[in-house]
Each structure stands twice: as C-alpha cells, then as structure tokens.
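Any value given below was found using the heavy atoms of this structure, including those in side chains, with hydrogens, waters and symmetry copies removed. Chain letters run A, B, ... following the sequence lines, proteins first, then strands; residues in each count from 1.
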Amino acid sequence: MRWSETFIPTLKEAPAEAEILSHQLLLRAGLVRKLAGGLYTFLPAGVRVLHKIEAIVREEMERAGALEVLMPAVQPPEIWQASGRYEQAADVLFKVADSKGREWLLGPTHEEVVTSMAAVELNSYRQLPINFYQVQTKFRDEIRPRFGLMRAREFIMKDAYSFDATDEAALISYQKMYDAYVRIFERCGVQAFPVEADTGVMGGNHSHEFMIPAQTGESEVAYTEDGNYSANVEKAGSQGPLAATPNQCTGAVEEFATPDVKTIEDLAGEPYEVPAEAQIKTLVFIAEDKPVIALMRGDDEANEAKLAVAFGTAIFRPAEAEEIHAALGAHPGSLGAVGVNGIPVYADSQLKQAAGMTTGANKDGFHIRNVNVARDLSQVQFLDLRTVREGELSAEGQPLKIRRAIEVGHVFKLGTKYSEALGASFLDEDGKAQAPVMGCYGLGVTRTLQAIIEYSNDDNGIVWPAAVSPWQVCITALDVEADGEVMQVATQIHEELNTAGIDTILDDRELRPGIKFKDSELVGFPVRLGIGARSLKEGNVEFTLRSEGGREAVPVSEAVARVKAVLA
RNA sequence: CGGAGCGUAGCACAGCCUGGUUAGUGCGCCUGUUUUGGGAACAGGAGGUCGAGUGUUCGAAUCACUCCGCUCCGACCA
C-alpha cells in the first residue's frame, strides 16, 4: 500500500473531546472518527488493526475447538423476558420499534440467542461438548459512554458459549477458553493478566477477568506481589482489616445522647472518641422493593458486588431518608439493628465476634454502646461484605496491593441458568433429560484495540506490537521523484517485503521529511526504513525500530532480510 | 438521573463580562514562488446559519429563557 493511496488523516493537535491518551492517539493517528457519543467510524488504518486482532482471536478460538457462528444483533424481547434479564438489564438495553410498533432489542450479549438455538438443535449428549463463538457488534445503552472505544454504545465483541453434559466437562471447556485468552493477549503483544472475578448472584468460583494494567482503567484489582493472588476488588477477600475489632465486653447495652452526630467521624471525634473500628455502620437498602439492612464495621466500606450476592439480587439501591425513617423510626446518623424485627439483616463477618461496639439507637440523636453482636443481635446472617484495602493480608499472608486496570476479557462458568430458563435440554446416556451446563466467554475487541494503545505508547505516539500494527513496516521515501533512485529502491524493497508477506506501507507523499517521520511515529509502525539520497550514496537505508528509536545504516541489499529477522 | 464546564471555519482557540463596522488568530486546506533529512518561508485565496429556537433591543456571537449536543465528576456498568 502507498500512503498517498490510502487515507490516514493524522492530527497535529488532540481534539478537545478526547481526555485520555489512548483516545487522543486513536484520533490523532487517524484510526477512528466520532459520529456521536460512543459511536465511532473506523478509518482504513483502524480497520486493519481491528481485523488483525480479530484474526488472532479467531485462530485461537478455532485452536480451542470453538465453532464460529453469527447471530442476529436484533433480538426479540421475549427471550430476554424468559431469562429474566429484560428487567435486570433494562437500563442498558437498546429498544427499538419496527414500523408496526413491535418492540425489538439490539443485543448487548447473546446468551439468550445461543441458548434458544441450543434448545432446538442440541438433543443428545453425543453432540456435547460444543462451543459456539462469534465476532459481533454489540449494543449497550451506556448511561455515560466515555473514553472513546473503552465504553462505547456500539462495540465489537467476541463472545463464545460452551455447552457441556456435566459440571466437570464444563470446567474443561472453561479452562480451554482461559488458556485461549492467555494466548490471544500474548499474541496481541499486551500484558493481560487473569484475575478472579465476581460471579454475581449465581455464585461459584469460576470466573476470571483479563486485565490490562492502566492508570485510566475503570476496574480495580487487588493482588499480591508474589503473583499467587489477584482478584477484582469486587471479589477480593483478605484476612481482615489491620485494626482489630473489639471482642471483650460484658457491660449491658446502654443508650447515650449524641446530638449532632451524623457520621462515623463525628462519633470518633470529640467528645465521644469511639474509634471507627468499634462502631457498627448500619446501611439500609431497598432490594426488590423491600428494605434490607447491611452492617459493616465503622471503618469498612461495603462492597456492592458482595451485597448483591448477600441479597440474592442485583436490583437494589440505597434507601431514601424517608424510607429509612419508615422502616427504623430514625434518620441516617442514628441507625442501628439492635431490636430490629421483620427486616433481613446481613452483617459483615468481621462483626461476628464483635463486642463492646457502638451503634445507632434508632432514635434521632441517640446511640447505644456495649453492643455485643452475638448477644444483642438476633437473626443476623454473617457474610463477607467488605471491600479490601491495600496492605491487608491475603489468605496466604501476603500484603495486598491495589491497582487500576482495563477489563478486556471475561470468562464465566454459567451453570444451567440459561439452559433451564430457555428450555434447552439433551438426553444423557441413560435417556434422561438434562440441562446442559453452559459457560460464556467475552472479549472486547474494540476495547482491546484501545487498551493496547493505552498500554503501548510514548511521547511521539503509538508503539504498535508488530502483530496488530496496521502495517508492520513503513518505508519513508525522502525524495518521491518518480524515476529517481530513492523511489526505485523504495519501490523495490516495498515489493519484496509484500511478497514476503510483510505488511508494508510506502510513504510516497510529497511532504517534507519531518512530517513523514512524525507521522510514522504517531501512527506507530514497529519498523521504519528511511530511504533518502544521503544514505543511499553510501549504499544504505536507515533502519529504525519504533520501540527503540535511533537509526541504523543497513545496506540496501540486506534491508529485506533485516526486516524479516526482526519481525520473525 | 444529580453536579460542573463547554458549544464561534476541518482542528485548537480568542472575542461574550461592558450589545454597535465586513467575526478574528494559529494549524490544516487551495494556487504560486523559494525551500527540501525532524511538523519550512513568503505572497495570494477558499472556508462561518457564531449549536438550534424564542424573547429583550433601533441593533445580538455578546443579554434572558427553552431545547439539543459534547466533556468531566458522581450515581450506574449484562
């Protein structure tokens, strides 16, 4: 390809719409353009990267035995009602009406579709295991699209769905996908590490997210430096907070006046001086229209993902002040669970042995002290509800660290939720009907594209890993006179590289060298061959690795071999 | 959905507070001349419903109201 014959509109300045570096570089390098918020056009160079990532994904899916299909983006709402997600996912579902007023959904994911197909097509254990995958455009009515392709309303995702006869077999399918993901990200030239992920309401231990470390990531990961533990903070656990919880107290519960106390900090300060770790924080939520209480140690943060598991539903929200007053008879600031009946109470496990605690009296302006959880609270379920903090010890005794990352993939053992809901079943060896055990495996292709940029760049622009670069080599011709020696050499090397199967772009534009160098660095080609009269006089071309800079004189006759060697 | 900011040429922005010639600057674009190894110089030129609508006014990019869009923070994130 000649640069003058393609379309790579580079920008010297970053458009104001782009906040994070990778988004700016996507625009500046001429890879994408925005149509509207969260909706992007991929320009020729961007499409080439996209296709290269997709090709790697397809190869690894096929290697793992998955079968490519292509399911409709437009889906009937009925299957979503059947799975229960029509309500659950309501705020991200794109709904459209056809000309007859019939409602359709633009699919954010395809569990319902693939399971509907399986319900008809999979009848016998002899057909299992089987894994269908697709590379498809997904739609999600994001509350707030942002960061370019990172959180878009329309994006490309690879999703795979495995069907197995038994739980054990499903774990094998899961492991195959897990291994495939490791290979995919490795081949994309990016460090993506698997972390244990929240499995939500369905429970179980088989879910991993693949994370690319980045300051701008929207996820937080807790890990230990020895590499033995890493988990999304939504899921992460520890041995507990560093400050111990009081557990010795025999005194009777005692009410005391606390005018003006509204927060944990108020009670920790003058004149009460109750340390936060000796307080019980009382949180009230409305879960599926009913109030529930969550108790945390005063200095702990509740973890929403863990709350969802405790409540058995992801549909909950913090209660409004009036709702709280109606349920407990007091306003936030004086809430407690002692003596509460008829409202489910979930407490963080840290509180199980707690004694001598202080908490609200459910009477505005009053608290109670000497609360002994085991003695004074009845009907409490103890669960891990807290968010871990940096420095706490992992189960193996290693200190936890926390860092931000971009989630680019998610593998998940689903169980039989969808197969049961949508009536998929097969006959086992004994002729008995069984629901296939499913797994689902998502990989954000467009998000990965941007995450690679976020991960691999420098002051001059993108630094593409060779496997996904729009072109692997850029020949920068410094004199584009059609029958001049420079273009003759450049054209010949261009042809030889293309013949050797190496994607090469020849920058034949009639521009000053500075612009062409800057552009090649901005777009980020891994290898550049500078060809100009100056070095040609010595019989050389200039060889530059994007990741290292500098320039190395290489004889014309060896240029192709040199490029081949470095890309091998 | 709550909070904040922004919307003027393809891009980045000034002008707005304090209303008044023909709306400006830089980059980019077109033509010409000179340049030619790290985002050239000079000369000429094209390009604007000043986000949209309504209102105030003799007069609105500028003031007011409504709407739309974009960005950020929060909430939310199958």
Of the candidates B/C73, B/C70, B/G39, the side chain of A/D519 sits closest to B/G39
Tell me whether the side-chain N/O atoms of A/R144 come closer than 4.0 Å to OP1 or OP2 in B/C73.
yes
Round to a whole Å and report the spacing from CG of A/D479 to P of B/U35.
15 Å
Side-chain heavy-atom pair A/R386, A/N303 within 4.5 angstrom cut-off
no
Same-atom distance (C1') from B/G39 to B/G51, integer angstrom:
32 Å
Euclidean distance for C1', B/U8 against B/C16 (whole angstrom)
11 Å
Geometric cation-pi criterion, A/R447 with A/Y455: 6.0 Å, 45°:
no
Is there a Watson-Crick or G-U wobble partner for B/U33 with both distances under 3.5 Å, and if so, which one is it?
B/A41
Starting at CH2 of A/W104, measure out to NZ of A/K95 and round the result to the nearest 0.5 Å.
15.0 Å
When the C1' atoms of B/G55 and B/G59 are compared, how many Å lie between them, rounded to an integer?
15 Å
Scan A/E111 against the nucleic acid and name what it touches under 4.0 Å (heavy atoms): base, sugar-phosphate only, or nothing.
nothing
Rounded distance in Å between the C1' positions of B/U34 and B/U22
33 Å
Do A/E13 side-chain and B/G26 base share a donor-acceptor contact under 3.5 Å?
yes
Taking B/C29 as the reference, what is the distance to B/G69 when you measure between their P atoms (whole Å, please)?
33 Å
Taking the same atom, C1', in B/C72 and in B/U66, what whole-Å distance lies between them?
24 Å
Measure CD/A/E142 against P/B/C1 and give the value in whole Å, please.
15 Å
Does A/D167 pair with A/K413 as a salt bridge, N-O distance under 4.0 Å?
yes
Quick one: does A/Q450's side chain have a donor or acceptor within less than 3.5 Å of a partner on A/L149's backbone?
yes
On a whole-Å scale, what distance lies between the P atoms belonging to B/C42 and B/G47?
23 Å
Let's test this: given Watson-Crick or G-U wobble pairing with both distances under 3.5 Å, identify the partner of B/U54.
B/A64
For B/C76 and B/U62, measure between their C1' atoms and round to the nearest Å.
39 Å
For B/A9, the nucleotide meeting Watson-Crick or G-U wobble distances (both under 3.5 Å) is none
Checking all strands, does A/R551 fall into the base, sugar-phosphate, or nothing category for heavy-atom contacts under 4.0 angstrom?
base
For the side chain of A/P15, starting at C-beta, report the closest nucleotide among B/G37, B/A12, B/C73.
B/A12
Between the base of B/G38 and the side chain of A/R528, is there a donor-acceptor distance below 3.5 Å?
yes
